[in-house]
Amino acid sequence: MTLPRFEYYSANNLNDALSIINSYGDSGKILAGGTDLIVKMKKGLLAPKAILDVNGVKELYNITVTDEEIVIGSLVRQEELIRNKAVLRSFPVLSRTASLMGSWQIRNLGTVGGNLANASPAADLAPPLLVLGAKAVVVNTNGERSIDLREFFRGPGLTSMRENELLKEVRVPLNSADSSCSSFVKLGRREASNISIVSAAVHLSLRDNVIEEAKIALGAVAPTPIRLEAVERKLEGLSVSDAAVYEALEEVKDRVRPITDLRATAEYRKEMSYVFAKRALEECASEVIRA
Amino acid sequence: MSEQIIVTSENQNLGPLAFDINFVKQLLNYSEYVIVGKSVLRIDGLDKVLGLAKYTEDYIDKALRIKALRSPYPHALVKIVSRSCPTGSARVFAADDIPGENDVSYDPQGAQELLVNERARFVGDQIALIAAEREEDALQCTRNLEVKYEPLPSILSIEDALRNDAVKIHSKGNIAGSVSVTKGDVDRAFEYADVVVEDVYRVGYQDHAYIEPEAAVAIPEGANKISVIATTQNPFRTRNTVAKVLGLKYSDVRVIVPYIGGGFGGKDTMGPIIAANVGLVAMRTGKPAAQVFTREESLAYHYKRTPFKVIYKSGATNDGKLVAVDAKIFADIGAYIAQGFAVLRRAAFHATGPYNVPNVMVNGVAVYTNNIPTGAFEGFGNPQVQFAAELQMDKLAHKLGMDPLEFRISNLLAPGSTTPTGQLLNHSVGINGLLADVARRSNWRARRNAVRGNGTKKVGIGVACGWHGIGSTGSPADFSSASIIVNIDGSVTYRTGIVELGQGTYTGHAMIVAEALGVPPGFVKVETIDTSTTLDSGETHASRGLAIGGSAALDAALRLRKRLMKVASEVLGVEEDEIVIREGRVYVRRNGGLSEAMTFGDLVKEAYLRGVTLAENGFVKPNVKPPDPQTGQGTPYFSYTFSCTTAEVEVDVETGKIRVLRLCPGVAAGKIINPELAKGQIYGGSTIGMGWTLLENLIVKDGKILNDNFTDYIIPTIKDAPNFCDPVFVEDEYEYSAFGAKGIGEAVITAVPPAIINAVHDATGVWFNEIPLTLDKTFFRLRGEGE
């Protein structure tokens, strides 16, 4: 099927990209991996006046490590997350998450930035980045600003980015806790190439198997990927093997707002939000206990 | 002429297909096959790996591009108000542009317009074809053309279609056809049955999901003559349909079929339709015209596997013998007959499963609805009914307290058995040995008695069998032809109308020709199908390509072999029975050994110089007897392939997700011509069966297919494929086909869905009478809710 007509621009540096975005605003779309954009255009769901291809913007490809954080450029491909040494060392959960996304071909095109800026409720990178306390750095011709990822998603396809802003990078703070773990689990019909029916990420800081800090995020069960802070509070202070952990997690079902779509019913998603929050937590805890 | 080697013996209860296998072995004059039975590499493999093999779209160069304007309503009166497209270059073709008959029905018992004249009967019914130089202009016109719709009440379920006050979808009503099979006295038999089980089963749609969507291009060849290149499984039926629609003689329509990227039956149904589309536009414009379906069009509009509702009652005695089967089959064939009624008939004739059942009553109706039409898909109605039959077998065994595998063994068909249609199976019934081997290979007894898993993951093992008659059900016109030219250098040009869909037909036929002629397989070039130079081989469906199509190849090759032996005997001055031609060399048998006398090439050259033609045709026709419409008694197939498999599953009771861990499949498919290709059929067929059972849920709302893409219509990936045991082959040779081969393509899938569901029951104690399963349904059922 042919694409609707559009004006095509490509930028080779960030400044050029930003000035083009400035002149098109909402009537333009950013082409990074194109794994969502092109599909939507083919289906006639999107018909942007202009497309800005940012694949030539070298500044957006880097993964850098500082004392406090890892900075992941928005054009870093999902496949790169699987093998990048810095990511593997500090945040193996991101590598693990990426390995469960799409297919090899899709991951080689799809970008970290695209997965977030597209703002799908089912975006797989969102839950782990949410529990890791990541920030999105967005930029326009006036300069940069940083948005806590919890404030980034506004609804299906909606973010808090302004119309002339570009997602530049994601900053993930390095963890200082002695004993911590992170995990990501997802449910799809098959073993690969799935859009998540439910996804869950958990990050725990533990001392002597007692949860000092808990972070839980779920995907595909609300208009945006969500953190479950009320549940997190209840988990804190509990031993990971305490049955009360499961009681606290049951509350997940009351906190989600799933819909029925082609992939699953709302009732089923509600049940699975508990199951996958539980599995994420168990996987996380088992990692620490093993180590 | 003494060359006539076809034997057709009419006093056989089982009509033979072609020659007696013993005669073939005698003619070869050596004991062990040198090619047949070996895993010869695919002859199309190199071209396919290098990307050099050409498919239909590769032949489309400058051509008008066609988009179909389709009904958005499941049932509506339609009127095209204006024929002008908003963009000037696009042209609109409607029913009154058709020069011949506006009829593309696959089944003469029903009518189907290529372009609807007045009434659209499903979402996707073709109203007009729009052609433009640029596809986007044609597409634009399909959106903007002024068409008036008057929606009619639509029928979207079997139950609604059969109501007395139901709207009639076709003038004759909503029943496209009915079928009955009666044997013995079912009512009396149920009285003395010790256990009886009755349940209702539903099996859903499935899309073929072939890698190559539908495509065709037509090229005008002067006045009133046309060539069409198309993705079709039936070059000749496609030719006939194009000729009918365009009002041409068969000889003026040439259909060319290049390599096909998967068919599974879907291109049997769709081939003639898309070919007629491009033929019409090319004929009307005088320009080449092409249509290529997008994946979305293919998923939304091409005809699917037929959904069935089966009410199945069966009974057995305490000693584990089946006594009666009473099955009522309802098929939602969709808006047109297509192959829907044929699908139902095949299902009815196989409804008992491969078992001895003395008392049988099968009643089936093919019901019209305003849903997507349905047609051929691997198994052709048979997997739908075997699902019910094989769940019943497990339920009966359960009631009897018997091992389900032992229960099956005590009821299997065997040589001397009579089928429900009254057909005596006097040989080539290898299912007893097959099931025993499958049981051994899967370690059935140990696994069946193993612990069922702990916590949230339950494991189980199930078994099921199936059978599949070879050839087009009861068709008196199921003939096949083939032709061979031995070129003067000894190379061989072979033609068959059996289509290479990926199943390996070209390789299989080349091996048969090579063995019979006495050349290496590499000598045999299989030509692209062209209905003007290829002989009519019938359709590539019904698992007939090798058994029937390959027998035509053998027929032609044996005639040439006899001729060459005669020449060799003259040249070498020895008796014919002293000559052996094998792998490109001619030997003389002397003192118990073979001495090479000349090359095949030299012998061929000698034949030409002596005025002996080395071009030959083969022709075979199975002797079947169409079952009686009232009683179902007859011989619908000359022979049957049998299949059995075990399935081991893991059920995640917390999510409802089921994984197939291992399948141990096998077939009794006669002589296996090429074991590697046969394994390919088994792995592929099994995976399609698994996908249908667990993943492939077509979502239809108000007659419209909602998941028309591979994001939402979930087919298995390689990661989902189960582990396979090395498949079991029981080579129960059929005595009257090419080297004893039967078909393999479809039998495999018949056993897979019930084996999986029986395994799920073993794991969880819950029966699922409906497939495809979804995670939601499975989860809530396992929790004791729903159904």
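Every heavy atom of this structure was used, including side-chain atoms; hydrogens, water molecules and symmetry mates were not. In what follows, chains are A, B, ... by sequence order, proteins preceding strands, each numbered from 1.
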Distance-only, no hydrogens or angles: does the [X] side chain make a donor-acceptor pair with backbone N or O of [Y] under 3.5 Å?
X: B/Asn144; Y: B/Cys141; answer: no
X: B/Asn709; Y: B/Glu296; answer: no
X: B/Asp137; Y: B/Gln140; answer: no

Please confirm whether B/Arg70 makes a cation-pi placement over B/Tyr301, using NZ or CZ under 6.0 Å from the six-membered ring centre and within 45° of the ring normal. yes

Is it possible for you to check whether B/Arg781 lies under 6.0 Å from the centre of the six-membered ring of B/Phe768, through NZ or CZ, and within 45° of that ring's axis? yes

Only heavy atoms, only distances under 4.5 angstrom. Which residues in residues 712-720 of chain B are near chain A? B/Asp712, B/Ile714, B/Ile715, B/Thr717, B/Lys719, B/Asp720

Sorted by number, residues from residues 683-696 of chain B in contact with chain A (heavy atoms, under 4.5 Å): B/Leu694, B/Leu695, B/Glu696

Could you look at [X] and say if it's the side chain, the backbone, both or neither that has a heavy atom under 4.5 Å from chain B?
X: A/Ile195; result: side chain
X: A/Arg279; result: side chain
X: A/Glu267; result: both

Identify whether the distance between the nearest side-chain nitrogen and carboxylate oxygen of B/Arg65 and B/Glu133 falls below 4.0 Å. no

Is the shortest distance from a Lys or Arg side-chain nitrogen in B/Glu136 or A/Arg5 to a carboxylate oxygen in the other one below 4.0 Å? yes

Please classify the contact of [X] with chain A as side chain, backbone, both or neither, using a heavy-atom distance under 4.5 Å.
X: B/Arg783; value: side chain
X: B/Asp652; value: side chain
X: B/Arg295; value: neither

Measuring from A/Ile211:CD1 to A/Leu235:CG, what's the distance to the nearest 0.5 Å? 5.0 Å

Here the gap from A/Ser95 atom OG to A/Leu88 atom CG, rounded to the nearest 0.5 Å, amounts to 3.5 Å

Would you find more than 12 non-hydrogen atoms of other residues, nucleotides or ligands less than 6.0 Å from [X] atom [atom1]?
X: B/Lys48; atom1: NZ; result: yes
X: B/Glu650; atom1: CD; result: yes
X: A/Arg257; atom1: CZ; result: no
X: A/Glu191; atom1: CD; result: yes

Residue pairs involving residues 261-289 of chain A (criterion ring-ring contact (aromatic ring centres under 6.0 Å, His included); sequence neighbours excluded): A/Tyr268-B/Phe779

Heavy-atom side-chain contact between A/Asn55 and A/Ser10 under 4.5 Å: no

B/Tyr210/B/His302 aromatic ring centres below 6.0 Å: yes

So which residues of residues 45-52 of chain A are in contact with chain B at a heavy-atom cut-off of under 4.5 Å? none

Ranked by heavy-atom pairs below 4.5 Å to chain B, first place among A/Arg263, A/Glu271, A/Lys278 goes to A/Glu271

